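All figures in this text were calculated on a predicted structure; none of them were measured in a lab. Side chains are part of it too, since the values below use all heavy atoms of this structure and drop only hydrogens, waters and symmetry mates. In what follows, chains are A, B, ... by sequence order, proteins preceding strands, each numbered from 1.
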Amino acid sequence: MAKLESTFKNMFLSLSIICLAVALILAQLNVITTESIAEARALRLQDAIMVVVPEFDNDPVAESFKMPVGQGDSLLMFPAKKNGELVGFAVHSFSNNGFSGNIQVLVGFDMEGKIVNYSVLHHAETPGLGDKMEEWFRPQEQTTSLIERIFGFQIETEGRNSSIIGRNLSAGLLFVANDGGDIDAITASTITARAFLEAVNKAYAAFREGNVDVSPPEIVLNIEGAIQSIFSDFDNDPVAEAFKTSSDDLPMVFPVKQNGKPVGYAVHSFSDNGRNGSIHIMVGLDTEGNILDYYILHHRETPEHAEGVEIWFKDESNPANNIIGRNLSQGLLVLADEGSDIDGITGSTRTTRALLEAINSAILEFKNQ
Amino acid sequence: MNNNVKTLVNGIIKDNPIFILLLGLCPTLATTSSAINGLSMGLATMFVLIMSNIAISLLKNLIPDKVRIPAYIVIIAAFVTALEMAMNAYVPVLADALGVFLPLIAVNCILLGRAEAFAAKNKVIPSIFDGVGIGLGFAGALTILGIVRELLGTGKIFDFAIFPETFGALLFVLAPGAFIALGYLIVIFNKLQKK
Amino acid sequence: MEYIGIILVAIFVNNIVYSQFLGICPFLGVSRKVDTAIGMGAAVAFVLAIATLVTFFLQKGILEPFNLQYLQTIVFILIIASLVQLIEIILKKAAPALYQALGVFLPLMSTNCLILGTCILVIQKDFSLFPGMIYAISISIGFMLALIIFSGVREQLALTRIPKAMQGMPIAIITAGIIAMAFMGFSGIDQMFK
């Protein structure tokens with residue numbers, strides 16, 4: 001069959017019929033796939049919710065509601081319940097400040113406000129770079145490459161502080177290190193990391209607004225364990241005989257006695273000036289107020305700042321920072337840069353300073369009685 | 001049959017769209033930051049190429065000469081749109097990864113070029129072979145580039161770690177690495193061809 | 001103020017050629033001499049501005065209200081192709097000098113991933129009309145810049161000795177990669193204006 005002539009009628013007809021046919025076919029395809037697209041999206045959402053919140057038996061999607069978070073945005077919140085009681089919320093948050101625009105994240109909180117898990121729902125970030133966010137903000141997994149397996153060695157992957165799992169934003173919103181926070185950004189993808197954290201912070205804002213009962217998490221302190229680790233021989237009940245001299249909740253003094261006679265005092269004190277919040281400490285003093293030992297009850301410092309700090313001030317091999325046996329006769333215990341001879345840990349000045357502050361207030365409390 | 005196989009092999013080696021003809025470089029550079037992305041883009045384009053070659057070859061006598069370019073464009077774009085819809089429905093993560101380059105398959109010079117050069121002048125079966133050949137050439141080139149970039153950049157191939165990531169040169173996953181890797185691959189391909 | 005951010009990002013930080021990989025075909029084909037580079041850049045700017053305007057209105061006025069977004073690819077391509085034809089015809093009649101200058105570059109615009117890509121990106125990035133136009137014009141400035149730098153380098157390359165296997169395209173592409181590396185240095189300059 002010869003080719004159609006290029007007469008106007010033929011050209012018009014040919015093009016029109018092709019366009020019409022295409023339009024009809026595509027319209028039909030659109031109808032078919034729109035359903036599938038919506039279904040796929042819903043399934044992804046359902047799967048994501050199951051990943052990010054604790055076990056539940058209700059239908060979070062059916063009970064979802066919108067929570068305004070300021071700037072005209074409002075986020076979708078999915079309540080997770082077990083046996084009728086709330087166990088957590090999944091918040092569908094977003095940021096438009098990704099490298100390639102919109103990032104959508106589902107963040108799961110438990111009722112204390114801790115992040116249980118997250119799931120990246122949508123992004124257009126650079127593959128191999130920004131798209132690492134899907135795993136980056138979880139605890140690092142050690143992978144062994146083929147070469148390492150063949151030759152039998154393993155490169156230590158540099159520890160990084162990037163996990164947001166278990167973090168409670170009531171202690172502070174999350175920011176990348178460049179912005180003054182403590183989260184390590186994705187290598188070569190700071191913009192993506194920043195946008196991701198922005199979305200997480202927004203999710204937390206929604207969670208706080210929507211969750212009337214959110215109070216600062218109860219800090220569970222192992223008071224008795226602390227006393228027992230400092231004092232081995234006593235026969236009274238220090239907790240029952242606890243007293244304090246100020247009107248604040250802390251410091252609290254727990255007298256330790258043997259045969260009715262005091263052998264020492266365990267003082268529970270704290271400092272709010274740790275890098276990431278409060279540090280609680282139990283200081284063991286003898287009857288004269290000299291330091292016997294101490295036990296850190298609670299802190300929120302990051303591992304690299306807290307490492308070593310737990311034993312720093314009782315390190316016998318290092319007299320420069322060993323404070324065991326000291327008291328306040330020469331003034332408050334401070335770091336070398338404030339005039340004394342006590343060294344802090346390089347890079348963890350804030351943490352060590354806060355520790356000393358707590359110890360000082362413990363001794364002062366003892367002296368007050 | 002022999003002729004058809006020749007056509008196919010031609011598309012992979014002698015007329016390789018990327019390494020020889022240097023057509024369709026935009027998606028090549030943009031979607032090869034990892035092996036899987038390169039492969040997906042290559043296969044997606046191959047699909048459209050084969051389908052549009054078939055359609056145009058079937059309809060070649062019903063399209064007057066003066067309107068052939070717009071007609072080919074509409075047909076190619078139609079298949080691209082259909083592919084877009086299908087990918088968004090069934091493999092949305094892949095569709096997101098290919099991003100704006102999925103619709104841009106429609107203006108990939110290879111498709112229009114093959115329609116003009118082959119499908120419009122040949123019967124359906126040879127056109128299919130041409131589509132498969134060129135498509136494989138394209139997909140092969142993209143996958144190879146993707147493997148090179150992913151391996152040199154992160155030490156992995158298809159997300160399987162070959163050597164530790166710390167020894168990778170991140171540059172290859174980024175924009176400049178695409179240019180450099182492609183440039184050198186063309187050199188290697190040329191040298192191998194001449195032998 | 002935010003416009004400065006858009007402009008800087010479109011020209012430098014996310015340069016359309018060295019970072020977004022659009023417009024590579026004309027980029028490699030038309031960049032042997034600096035004056036052809038300028039001509040191409042100007043043609044792109046002209047067509048892109050009009051194309052963005054038209055496709056924007058099409059999207060917001062017809063495709064979205066009637067839920068026909070799936071036709072975006074086809075409609076945009078056809079519009080752009082027709083637009084280029086139209087521009088050619090109008091220029092030939094109304095400004096023959098300009099037509100002569102842009103002459104051979106115009107047809108290259110119809111199946112140019114740069115034009116189509118930018119039109120789609122404007123919609124994807126959810127710009128309103130004015131920022132969208134600023135974005136599109138900045139993209140073409142970025143393209144022209146990329147071309148001019150590149151053609152300057154290529155003019156120099158033509159005077160040096162290059163291994164046979166690398167002559168022509170390969171060395172050009174590798175050079176483009178090095179320039180792309182340089183452009184990476186612009187990362188973050190728009191943050192000053194946030």
Side-chain angles (χ1 to χ4, degrees), chain A residues 1-15 17-19 21-23 25-26 28-41 44 100-101 120-129 131-132 134 143-151 153-158 187-188, chain B residues 30-34 36-38 55 59-68 70-72 74-75 77-79 81-82 84-93 95-100 120 146 149-150 153-157 159-168 170-175:
Chain A
M1 184 162 124
K3 212 177 205 187
L4 272 186
E5 262 188 56
S6 293
T7 65
F8 185 73
K9 175 179 127 215
N10 283 344
M11 295 200 290
F12 181 74
L13 270 179
S14 168
L15 220 45
I17 296 180
I18 292 181
C19 286
V22 160
I25 296 175
L26 287 181
Q28 194 54 33
L29 269 176
N30 185 45
V31 169
I32 301 176
T33 51
T34 311
E35 245 187 76
S36 291
I37 296 179
E39 256 178 57
R41 208 171 287 153
R44 247 169 116 186
S100 311
V120 179
L121 293 176
H122 166 82
H123 73 85
E125 302 302 273
T126 323
L129 290 175
D131 78 349
K132 284 197 178 144
E134 297 178 8
T143 45
T144 327
S145 66
L146 191 64
I147 299 284
E148 285 168 320
R149 260 180 271 166
I150 295 178
F151 290 100
F153 66 94
Q154 173 132 83
I155 305 266
E156 282 281 328
T157 28
E158 243 178 68
T187 320
Chain B
T31 59
T32 47
S33 54
S34 68
I36 188 71
N37 283 353
L59 295 173
K60 63 181 180 294
N61 286 326
L62 295 173
I63 303 176
D65 197 61
K66 285 233 170 99
V67 289
R68 69 184 195 287
Y72 298 164
V74 173
I75 294 174
F79 282 112
T81 307
E84 260 185 282
M85 284 191 218
M87 283 188 85
N88 274 320
Y90 303 114
V91 280
V93 181
D96 277 350
L98 295 181
V100 71
R149 286 180 69 191
E150 191 181 353
T154 65
K156 304 191 196 144
I157 299 183
D159 224 18
F160 177 72
I162 304 285
F163 59 77
E165 202 163 329
T166 38
F167 293 131
L170 196 62
L171 186 70
F172 283 99
V173 182
L174 302 173

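The two atoms that bring A/Ala40 and B/Ala89 nearest to each other are CB-O, 3.5 Å, heavy atoms only. When every heavy atom of B/Ile63 is checked against every heavy atom of A/Ser14, the shortest pair comes out as CA-OG, 3.8 Å. Shown here for A/Ile37 and B/Met85, the closest heavy-atom pair between the two residues is CD1-O, 4.3 Å. A pairwise comparison of heavy atoms in A/Leu26 and B/Ala78 identifies CD2-O, 3.7 Å as the closest pair.
Contacts of B/Tyr90 with chain A are made by side-chain atoms alone, with heavy-atom separations under 4.5 Å and no backbone atom involved. Interface residue A/Leu29: backbone and side-chain heavy atoms are both found under 4.5 Å from chain B.
Within the model, atoms CG of A/Leu13 and CG of B/Leu62 stand 11.0 Å from one another, a figure rounded to the nearest 0.5 Å. Residue B/Ile162 holds its CD1 atom at 9.0 Å from CZ of A/Arg149, rounded to the nearest 0.5 Å. A distance of 10.5 Å separates OG1 in B/Thr81 from CG in A/Asn30, rounded to the nearest 0.5 Å. A distance of 7.5 Å separates CZ in B/Phe79 from CD1 in A/Ile25, rounded to the nearest 0.5 Å.
Looking at residues two or more places apart in sequence or on another chain, you find no side-chain hydrogen bond (donor to acceptor under 3.5 Å, both in side chains) involving B/Asn88.
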